[in-house]
There are 2 protein chains.
Amino acid sequence: MLEAFDIVARAVADRSRVRILKLLEPGELCVCQITAVLALAPATISKHLSVLKSAGLVFQRKQGRWVHYRLADRAVNPYALAMLIMIQERVGDDPALNEDRARLARVQSLSLETLCDQGAAAVDAVAFCQ
Amino acid sequence: MLEAFDIVARAVADRSRVRILKLLEPGELCVCQITAVLALAPATISKHLSVLKSAGLVFQRKQGRWVHYRLADRAVNPYALAMLIMIQERVGDDPALNEDRARLARVQSLSLETLCDQGAAAVDAVAFCQ
DNA sequence: AATTCATTTCGCCGAAGGGCGAAATGAAGA
DNA sequence: TCTTCATTTCGCCCTTCGGCGAAATGAATT
């Protein structure tokens with residue numbers, strides 16, 4: 001029990017991972033989309049997602065070349081859902097998170113093909129055009 | 001906001017600190033009592049308490065030679081109380097925590113004077129006598 | 001079967017964090 | 001004022017963890 005709570009607590013005790021959880025609130029996202037928003041190396045994002053998945057905070061769905069992640073909606077870890085709800089309800093207005101949401105909007109205006117080819121550069125290009 | 005959540009999350013992302021929070025649920029305790037239960041160095045316990053205090057999870061009260069800590073009951077950090085409630089309601093039956101509670105009972109059967117003089121050894125002596 | 005390519009795994013680096021002993025602090029008592 | 005002593009702070013060690021590039025994986029396409 002302590003062990004299970006500890007896994008969830010350690011998982012959310014990192015800004016990048018909380019940013020990912022907040023990004024996933026509106027719906028599932030592809031790894032490359034998350035990577036483009038956070039502007040970190042794919043290896044880093046993959047590691048974060050693996051930690052979140054192990055904690056039962058996110059689920060994974062593979063479709064074609066891409067892997068989509070979404071917030072957990074079923075209790076794998078008894079503390080995961082409660083923690084997600086807490087983050088959802090209480091962690092709201094924040095400069096970094098608002099920035100992420102704006103960036104996500106631009107990311108989602110691109111096809112996955114374009115995004116994977118161009119990476120974060122394409123996102124900045126969209127920002128420039130608007 | 002993200003910053004504030006991060007501080008609380010990192011504070012509870014450690015087994016020793018969660019054990020301390022669970023110990024404090026029935027009521028305030030002296031530093032030496034917590035030290036005797038967890039069987040860690042006073043310096044270590046003090047550091048943990050400082051982290052919990054900075055996160056707004058515990059309050060401090062000085063009385064004579066001793067310092068008493070208790071769970072926060074007023075919102076210093078907007079996430080602290082919610083996290084405490086979550087830990088209180090959901091983190092329950094666990095071998096380590098049960099062990100701590102049993103050890104706490106023995107600790108509380110000693111006066112602070114005896115406890116501070118003898119340390120953890122006195123606690124083991126009580127266990128032996130019962 | 002070979003290629004492409006999004007994702008993951010591996011190995012490494014530097015920073016952060018838990019643990020302790022020793023020294024500092026500071027309040028109570030002599 | 002001087003001593004005592006619970007607690008805290010400081011410095012150090014060692015482990016854990018976030019980050020990255022390079023290599024491995026594995027599914028889809030040619």
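Keep in mind that what you see is a predicted model, and the values were worked out from it rather than measured. The chains referred to below are lettered A, B, ... by the order of the sequence lines, with proteins before strands, and numbering in each begins at 1.
- For the pair A/R65 and D/dG26, the criterion of a side-chain N or O lying under 4.0 Å from OP1 or OP2 is not met.
- Using a 4.0 Å cut-off, no side-chain N or O of A/Q60 falls inside it from OP1 or OP2 of C/dA6.
- With hydrogens and angles ignored, the 3.5 Å screen pairs a side-chain donor or acceptor of A/R103 with a backbone N or O of A/A36.
- Following rounding to the nearest Å, B/R61 (CZ) and D/dT7 (P) show an atom-to-atom distance of 12 Å.
- Checking D/dA6, C/dT8, C/dG17 against the side-chain heavy atoms of A/V67 singles out C/dT8 as nearest.
- With B/S54 contributing its side chain and B/S50 its backbone, the two residues share a donor-acceptor pair below 3.5 Å.
- When rounded to the nearest whole Å, the span between CG of A/L40 and P of D/dC17 equals 18 Å.
- No donor-acceptor distance shorter than 3.5 angstrom exists from the side chain of B/T44 to the backbone of B/L40, with no hydrogens or angles considered.
- The closest donor-acceptor contact from the side chain of B/Q33 to the backbone of B/C30 lies under 3.5 Å.
- A distance of 9.0 Å separates CZ of B/R17 from CZ of B/R10, quoted to the nearest 0.5 Å.
- One can place CZ of B/R15 at 13 Å from P of C/dG18, the figure rounded to the nearest angstrom.
- We find that NE2 of B/H68 is positioned 15 Å from P of C/dA27, with the value rounded to whole Å.
- Nucleotide D/dT15 holds its P atom 17 Å from the CZ atom of A/R10, rounded to whole Å.
- In terms of phosphate contacts, B/R17 brings a side-chain nitrogen or oxygen within less than 4.0 Å of OP1 or OP2 of C/dG18.
- Distance CD1 (B/I34) to P (D/dT7): 9 Å, rounded to an integer number of Å.
- In this structure, CG of B/D14 is placed 18 Å from P of C/dA16, rounded to the nearest angstrom.
- A 4.5 Å side-chain heavy-atom check between B/V76 and B/F59 finds at least one atom pair inside the cut-off.
- Taking 4.5 Å as the limit, every side-chain heavy atom of A/V18 sits out of range of all side-chain heavy atoms of A/D14.
- Listed in residue order, the members of residues 43-54 of chain A having a heavy atom less than 4.0 Å from DNA chain C are A/A43, A/S46.
- Across B/L23 and B/D100, no two heavy atoms sit closer than the pair CD2-O, 3.9 Å.
- Look at B/Y69 and you won't find any side-chain N or O under 4.0 angstrom from OP1 or OP2 of D/dA6.
- Contact check of residues 18-33 of chain A against DNA chain C (heavy atom, cut-off under 4.0 Å) returns A/C30, A/V31, A/C32.
- Within the 3.5 Å criterion, the main-chain N or O of A/G56 finds no donor-acceptor partner in the side chain of A/N77.
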